[in-house]
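A short worksheet on the structure shown next.
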Amino acid sequence: MDFDAERGRLIRETLQRLESLGRAGATNLPRVAFEQVAAEAPREPAPRAVATAAPPRAQPIEPVAQTTPVARPRPTPVAPGGSLFDDSGRGGPIIAPEDRPGLLASLALHVAECRKCPPLAAARTRTVFADGSPTARLMFIGEAPGEEEDRTGVPFVGPAGRLLTDMITKGMGLAREDVYIANILKCRPPQNRDPTPEESANCFPYLDRQIEIVRPEFICLLGKVAANTLLETGLSLSRLRGRWHRVRGVPTIATYHPSYLLRTPSAKKDAWEDLQMLMRAMGLPVPKRKE
Ligand code: URA
């Protein structure tokens, strides 16, 4: 074995993982977590028993089901006349903002070890956990990483990602760093095919925990896969957009996926209407007219 090349590879992979954790909101790592990152670099065919490893003491990882899809709280539509801001339905404990970065970093480490979908785990360059602020008011949820995301470990950085960034910054007047961006799947499906129901169910506990930790005030589902998965429906996006839903009690909208908008520019008008509805609910200034 060429030990110098192997050492270089380990250092490169460790730095990439740490950068990705930083983007996911980690501001520091418990020592044990750092050792996990450093120890993880060589890809073994057999998974390491992370679920049984001693969790980092500073930020213990919450148990995430390894194989069994969890029973999820059913999404509820916002009742006509009901208040969008009545958050009595928001489940789970409120996690202190200062605890969120560490919990997300621990979860990201756990996800990086995941091999619940062996073909996806074998094909991925790296897992793609999230980007943005652990205390974001708004969470965007897309489908799955594409080629550039698989290479960089950051969600929505390819052509669709650039459009999403424009929607956030130029459309909504927010900074990309101020929202939280995640996907249904943390691994890239081969040839960017749609996630299978089994893959979505395997990955769902991670997203569910991200929602629980970040506890956003609003969620925006991007595209049919995210909308159908989280709203547990087979309805088309044109039936789901333009109105409010709830996911885990959080007021939620669904709109067109940026990839679809790149292929179908005529749908941008509807997507802009959806974003305006979101902005009004968030109390953000909405420009009078926007082309
Ligand atoms: N499409 C998605 O749904 N997610 C990404 O991260 C990139 C493209």
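Along the sequence shown, residues are numbered consecutively beginning with 1. Only this structure's heavy atoms are used, side chains among them; waters, hydrogens and symmetry mates stay out. Both ligands and their constituent atoms are indexed starting at 1 by order of listing.
- When hydrogens are left out, the protein atom nearest atom 4 (N) of ligand 1 is N183 OD1, 2.8 Å; that is the closest non-hydrogen contact.
- Atoms of ligand 1 found under 4.0 Å from any heavy atom of E143, numbered from 1 in the order shown, are 2 (C), 3 (O).
- Residue E198 qualifies as open at atom CD: its count of foreign heavy atoms under 6.0 Å is 12 or below.
- Using a 4.0 Å cut-off to heavy atoms of H257, the atoms of ligand 1 that qualify are 1 (N), 2 (C), 3 (O).
- Classification of K268 and E273 as a salt-bridged pair fails, no side-chain N sitting under 4.0 Å from a carboxylate O.
- Not one N or O of S259 is nearer than 3.5 Å to an N or O of ligand 1, by distance alone.
- Checked against a 6.0 Å centroid threshold, the rings of H257 and F156 count as neighbours.
- Residues T252 and R246 bring no donor and acceptor atom of their side chains to less than 3.5 Å of each other.
- With atom 2 (C) of ligand 1 as the reference point, the heavy atom nearest to it among P155, A144, A130, G142 is part of A144.
- Heavy atoms from other residues, nucleotides or ligands lying under 6.0 Å from CZ of R239 number 12 at most.
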